[in-house]
Amino acid sequence: MKAETVEDLKMFVELDDIACHEPVDLSARVEIFEKGTAPSGEPYLRLRLYDSSGWVGAFARCGDWAGHGLVDGQLRDLSLHTADTPKGQRVLVAHPDYGQPPCERDALDLLPAHRAPNPEDLGRLIDLVEGLETEGYRAFVRDVFSDPDFAISFVTGTASGRCHHAERGGLLNHSLEVAEAVSVATERMSVATCIREAGILLALFHDVGKCAVPDAHRIPEKRHERLIEYHLQEPMAALRKRDRDAHDALWLTIAAYRSGETYGAPMAALVQGLDQCSAQADVAQRALRAGRKGYWHRFCGGRPVWMPPRDPERPAGWLGST
């Protein structure tokens, strides 16, 4: 029996007759988070098997995997059986899947749902990428997220230390806000598709430098922008071979965003403006929730942020004019 996703696996395991008597095959990323020894003295590993649909815990007997290799973060074909512990608990036991050819799964299907502070943002990300018309750009995003360490960092990171979207998961939330806003703002513009979608991708990855190195959100302003090409260099090289026009449109948009010379690449200017809108809206929401009132507030690195006064007849987080 084959489970397409972790969510499917959970459904199969709940069916007692199937789970007890027939193994379920699954392709998923494997996270090793604990090593232990059973009462019999047999060494084992505790695993998390995950994809963008969810995660499930499993055990692996080290003897079963001798010579087969089980590496943290790896995409693996697994044959999963159920077993009952001495305490009567049902657990999953993972074995190597010998009978199937190596699996292939889309990198977006393997996003780390078990780490995401806001799992719904993973769905937003997948919808955004699937909405791109340029196949080269869809493949580019898959290449970026094929690195599981990067995927976890991007999904769990903060957009800043204290300013805006400073909570875990804030980096992805902020990036999606800007990318979705670019998509909506340009939907009816007579702009070449590759140029419009280059703006969407710049918006999605404009803060990628904040997860390229530890504590990158502490890098002085504008410094992290220099790390965009650093982290995207290999996916950009693959995009250049796959679709030269799409590569050049994205490269010019990134270069204009970095330099500030945006006349020849107006999508970069749009990203800059919507980035600031997203940041200021988050700062203002946080300030209002904290009970701050008034028209100006120095909140983000000493920079003033304008906030409308709270209208007692409106919800507490409302930011419209009075």
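Keep in mind that what you see is a predicted model, and the values were worked out from it rather than measured.
In this structure, CD on Glu167 lies 6.0 Å from CG on Asp282, to the nearest 0.5 angstrom. Expressed to the nearest 0.5 Å, how far CD1 of Ile200 lies from OG of Ser183 amounts to 4.0 Å. Here CE of Met267 is found 14.5 Å from CD1 of Ile254. Values are rounded to the nearest 0.5 Å. We find the CD-CG distance between Gln280 and Asp275 to be 10.5 Å, quoted to the nearest 0.5 Å. Note: Asp121 CG to Asn173 CG = 5.0 Å, rounded to the nearest 0.5 Å. We find the CG-CZ distance between Leu92 and Phe12 to be 12.5 Å, quoted to the nearest 0.5 Å.
Taking the side chain as every heavy atom from C-beta outward, Arg105 and Thr5 approach each other to under 4.5 Å. With contacts defined as side-chain heavy-atom distances shorter than 4.5 Å, the pair Ser52/Phe145 does not qualify. Taking the side chain as every heavy atom from C-beta outward, His164 and His174 approach each other to under 4.5 Å. With a 4.5 Å cut-off on side-chain heavy atoms, Thr82 and Val91 do not count as touching. The closest side-chain heavy-atom distance from Tyr137 to Glu135 is not below 4.5 Å. Using a 4.5 Å heavy-atom cutoff, the side chains of Leu70 and Leu47 are in contact. Residues Leu78 and Asp25 have side chains not in contact (no heavy-atom distance under 4.5 Å, counting atoms from C-beta outward). Within the 4.5 Å cutoff, the side chain of Leu201 has heavy atoms near those of the Leu132 side chain.
Hydrophobic clustering, with ILVMFWY side chains joined whenever heavy atoms are under 4.5 angstrom apart, groups Ile228 together with Leu239. The hydrophobic clustering, which links ILVMFWY residues whose side-chain heavy atoms are closer than 4.5 Å, places Met236 and Ile195 together. Both Ile126 and Val144 are part of a single hydrophobic cluster, where members link through side-chain heavy atoms under 4.5 Å apart. In the hydrophobic clustering of this structure, Ile32 groups with Leu49; members are Ile, Leu, Val, Met, Phe, Trp, Tyr whose side-chain heavy atoms approach within less than 4.5 Å, directly or through other members. Residues Trp65 and Val56 share a hydrophobic cluster, clusters being chains of Ile/Leu/Val/Met/Phe/Trp/Tyr side chains in contact below 4.5 Å.
No more than 12 heavy-atom neighbours from other residues, nucleotides or ligands sit within 6.0 angstrom of CD on Glu133. Around atom CH2 of Trp251, no more than 12 heavy atoms belonging to other residues, nucleotides or ligands sit under 6.0 Å away. The number of heavy atoms from other shown groups lying within 6.0 Å of CD (Glu234) does not exceed 12.
In this structure Asp147 satisfies the salt bridge (charged side-chain N to carboxylate O under 4.0 Å, His left out) test with no other residue, sequence neighbours excluded.
Here the closest non-hydrogen pair linking Ser278 and Glu177 is OG-OE1, 2.5 Å. Of all heavy-atom pairs spanning Asp72 and Glu31, the tightest one is OD1-CA, 3.1 Å. Ala58 and Leu80 get closest at one heavy-atom pair: CB-CD2, 4.4 Å. For Gly199 against Val182, the heavy-atom pair with the smallest separation is C-CG1, 3.9 Å. In plain terms, the two heavy atoms of Pro96 and Asp64 that are nearest each other are CG-O, 3.6 Å. Nearest approach of His81 to Pro23, heavy atoms of both residues: CE1-CB, 3.4 Å.
Under 3.5 Å, the side chains of Arg168 and Asn118 contain no donor-acceptor pair of N or O atoms. If you check the side chains of Thr186 and Arg196, you find a donor sitting under 3.5 Å from an acceptor. Between the side chains of Glu7 and Ser53, not a single donor N or O lies within less than 3.5 Å of an accepting N or O. For the residue pair Ser27 and Asp77, a side-chain donor N or O sits within less than 3.5 Å of a side-chain acceptor on the partner. Between the side chains of Thr158 and Lys210, no donor N or O sits under 3.5 Å from an acceptor N or O.
Distance alone, capped at 3.5 Å, places no donor-acceptor pair between the Glu180 side chain and the Leu128 backbone. Judged by distance alone, the side chain of Ser259 and the main-chain N or O of Ala255 form a donor-acceptor pair under 3.5 Å. Of the possible polar contacts, one joining the Asp51 side chain to the Val6 backbone as a donor-acceptor pair under 3.5 Å is found.
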(message) Determine whether Arg124 and Asp127 satisfy the following criterion, salt bridge (charged side-chain N to carboxylate O under 4.0 Å, His left out), listing intermediate values before the conclusion.
(response) CA-CA 5 Å; Arg124 292 170 60 197; Asp127 290 344; over 6 Å; no
(request) Start with the C-alpha gap between His247 and Asp243, add the side-chain angles, then the distance that decides, and say whether side-chain contact (heavy atoms from CB on, under 4.5 Å) holds. (result) CA-CA 6 Å; His247 168 274; Asp243 187 334; over 6 Å; no
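Taking 4.0 Å as the cut-off between side-chain N and carboxylate O, Asp143 and Arg138 do not count as a salt-bridged pair. With respect to the salt-bridge test (charged N to carboxylate O, under 4.0 angstrom), the residues Glu104 and Arg142 do not qualify.
Remark: of the listed residues Asp207, Val155, Val208, Leu176, Asp207 is the sole one forming a side chain to side chain contact (heavy atoms under 4.5 Å, CB included) with Leu171. For the ring pair (Phe, Tyr, Trp, His ring centres under 6.0 Å) criterion with His114, the lone passing option out of Tyr50, Phe33, Trp55 is Tyr50.
Aromatic ring orientation, Tyr257 versus His206: perpendicular (interplanar angle above 60°, classes split at 30° and 60°). Ring planes of Phe150 and Phe205: tilted class, angle from 30 to 60°.
Taking the six-membered ring for Trp and the full ring otherwise, His68 and His95 have centroids separated by 6.0 Å or more.
The cationic group of Arg242 does not satisfy the cation-pi geometry with Phe140, failing either the under 6.0 Å distance to the six-membered ring centre or the 45° limit from the ring axis.
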